[in-house]
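Please read these numbers as outputs of a predicted model, since none were measured by experiment. In what follows, chains are A, B, ... by sequence order, proteins preceding strands, each numbered from 1.
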Number of protein chains: 2
Amino acid sequence: MSVTPKPATGTDTSKARLRLWLRMLKSARGVEAELRERLRTEFSSTLPRFDVMAALERYENGLKMSALSGVLRVSNGNVTGIVDRLAEDGLVVRVQVPGDRRATLVRLTRKGQQEFARQAAAHELWIDELLSDFGAEEATQLAARFEAVTHREEGQ
Amino acid sequence: MSVTPKPATGTDTSKARLRLWLRMLKSARGVEAELRERLRTEFSSTLPRFDVMAALERYENGLKMSALSGVLRVSNGNVTGIVDRLAEDGLVVRVQVPGDRRATLVRLTRKGQQEFARQAAAHELWIDELLSDFGAEEATQLAARFEAVTHREEGQ
DNA sequence: AAAAAGTATTTCAAGCTCAAAACATTTTTG
DNA sequence: CAAAAATGTTTTGAGCTTGAAATACTTTTT
């Protein structure tokens, strides 16, 4: 009698979890693909760019590159290229941090704020449409249930 | 009085749906990242490679390149590179289709079947662990609920 | 003050991803 | 039959992604 149930392949439960995962993945990928497509055609942009702008929107004082990759949970080097391109388009700026010559703060420009506002409004409408099978209550319930998965994955 | 409710940003319902989407995305990405990491460290492989092998497993007679990208719902050109690398490793083979000199059939080799069996067993255990917050019943229920999202996204 | 350890960011190589273009071959049409 | 349309695949170019290495600077230790 072990305290932790012995993990076994082929259990009813493990099969059900596997099916759930496959569904979740298919759903999430489907919605994501649709969002990518619409960002591309309607705003000539991408999901990673949108994600970066969304993060910067929440932190008006700007974020250091490392903080940005931390918030987005992507690798350090990853953000460099995305911010490079956003900066080329004048949507963000890199600002030197006074006391520390290593660090830079990334911030949305006014233009970036305006552009993000447009995209975010469209984004919310799209999600509303794509998840229209869920009512307010069910959506709230399900969201709560998924916290479990999220929290299992290390802090925050 | 319109038949379809007028879409509006900032509704309670649309806010709830947005939160649900953000949670789903975070959960799915978290699990996916963990799977990628484990495939990388334990099998020196990747999720796309695993996906391709899983598809080929289900179709023992092999799949044409176009059918493969159709099943996986990724672009045509995408699969080319993944299959190239799997073929280099001797896990799949390209077989000429008798009547049609344009097409090739991709098939798992014996080695590919054996390797996939190892990985699939580990994969099921990982999912069982990562989704351990869901019991058999809840998992089944949720999976059913997500069919809605999947089916909203065009055929199959 | 020099050395070592730590922090912040970028660069690099490899692989994934897409849409669009290019090729090759087959089928249909005029 | 020849031209045109359709089908099957690969190539191409741009961007995203990662982990690891390289750079640059700051703080702590000795």
Side-chain angles (χ1 to χ4, degrees), chain A residues 25 28-30 32-53 55 62-89 91-92 94-106, chain B residues 25 28-30 32-53 55 62-89 91-92 94-106:
Chain A
L25 188 58
R29 281 184 176 171
E32 231 184 302
E34 192 60 33
L35 293 179
R36 280 179 204 284
E37 170 69 7
R38 295 188 185 184
L39 279 173
R40 189 177 70 86
T41 58
E42 298 189 22
F43 295 106
S44 302
S45 192
T46 67
L47 207 43
R49 286 166 61 107
F50 182 83
D51 289 344
V52 165
M53 288 201 282
L63 278 174
K64 287 196 278 190
M65 290 297 283
S66 47
L68 190 47
S69 56
V71 167
L72 297 176
R73 298 174 158 287
V74 297
S75 71
N76 249 343
N78 187 353
V79 176
T80 298
I82 299 170
V83 168
D84 283 351
R85 283 178 284 273
L86 286 173
E88 276 172 24
D89 295 349
L91 299 171
V92 307
R94 280 186 234 243
V95 186
Q96 278 301 312
V97 170
D100 191 337
R101 277 187 298 175
R102 294 167 302 181
T104 54
L105 228 46
V106 187
Chain B
L25 188 57
R29 280 185 177 170
E32 231 183 300
E34 191 61 33
L35 293 180
R36 278 180 205 285
E37 170 69 7
R38 294 187 186 186
L39 278 173
R40 189 177 68 84
T41 58
E42 299 190 21
F43 295 105
S44 301
S45 193
T46 67
L47 207 42
R49 286 166 60 106
F50 182 82
D51 289 345
V52 165
M53 287 199 284
L63 278 175
K64 286 196 278 191
M65 290 297 283
S66 47
L68 191 47
S69 55
V71 167
L72 297 175
R73 298 176 156 284
V74 298
S75 71
N76 247 343
N78 188 353
V79 176
T80 298
I82 299 169
V83 168
D84 282 351
R85 284 178 283 273
L86 286 174
E88 275 172 24
D89 295 349
L91 299 171
V92 306
R94 279 188 236 244
V95 185
Q96 277 303 310
V97 170
D100 191 338
R101 276 186 300 175
R102 297 166 301 183
T104 53
L105 228 46
V106 187

**Asked** With sequence neighbours left out, which residue pairs that include part of residues 80-89 of chain B fulfil the salt bridge (Lys or Arg N to Asp or Glu O under 4.0 Å) condition?
**Response**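 Non-adjacent pairs meeting salt bridge (Lys or Arg N to Asp or Glu O under 4.0 Å): B/R49-B/D89, B/D84-B/R94.
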Looking at every heavy atom in both [X] and [Y], which two are closest together, and how far apart are they?
X: A/G62; Y: A/L105; answer: C-CG, 4.2 Å
X: B/S75; Y: B/S69; answer: O-CB, 3.7 Å
X: A/L68; Y: A/A55; answer: CD1-CB, 3.9 Å
X: A/V83; Y: A/V106; answer: CG1-CG1, 4.1 Å
X: A/L47; Y: B/R29; answer: CD2-NH2, 4.3 Å
X: A/Q96; Y: A/A103; answer: OE1-O, 3.6 Å

**Message:** For A/T104, give me all partners under side-chain hydrogen bond (donor to acceptor under 3.5 Å, both in side chains), at least two apart in sequence or on another chain.
**Reply:**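 Applying side-chain hydrogen bond (donor to acceptor under 3.5 Å, both in side chains) to A/T104 gives none.
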**Prompt:** How would you list, by chain and number, every residue that makes a side-chain hydrogen bond (donor to acceptor under 3.5 Å, both in side chains) with A/R101, sequence neighbours excluded?
**Reply:**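 If we apply the side-chain hydrogen bond (donor to acceptor under 3.5 Å, both in side chains) test to A/R101, skipping adjacent residues, there are no hits.
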**nucleotides 10-21 of chain C: protein proximity per nucleotide (B base, S sugar-phosphate only, - neither; heavy atom, under 4.0 Å)** = BB---SSSBS--
Nearest-Å distance, [atom1] ([X]) to [atom2] ([N])?
X: A/L63; N: C/dT9; atom1: CG; atom2: P; value: 10 Å
X: B/L35; N: D/dT17; atom1: CG; atom2: C1'; value: 16 Å
X: A/L86; N: D/dG15; atom1: CG; atom2: P; value: 12 Å

Polar pairs (N or O, both sides) under 3.5 Å between protein and nucleotides 23-28 of chain D?
| unit_1 | atom_1 | unit_2 | atom_2 | d |
| --- | --- | --- | --- | --- |
| D/dT26 | OP1 | A/R101 | N | 3.2 |

**Electrostatic pair B/R40-B/E37, nearest N-O below 4.0 angstrom** =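 Here B/R40 pairs with B/E37 in a salt bridge, since their nearest N and O are under 4.0 Å apart.
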Any protein N or O atoms within reach of nucleotides 1-4 of chain C? Criterion: under 3.5 Å, listing atom names and distances.
none

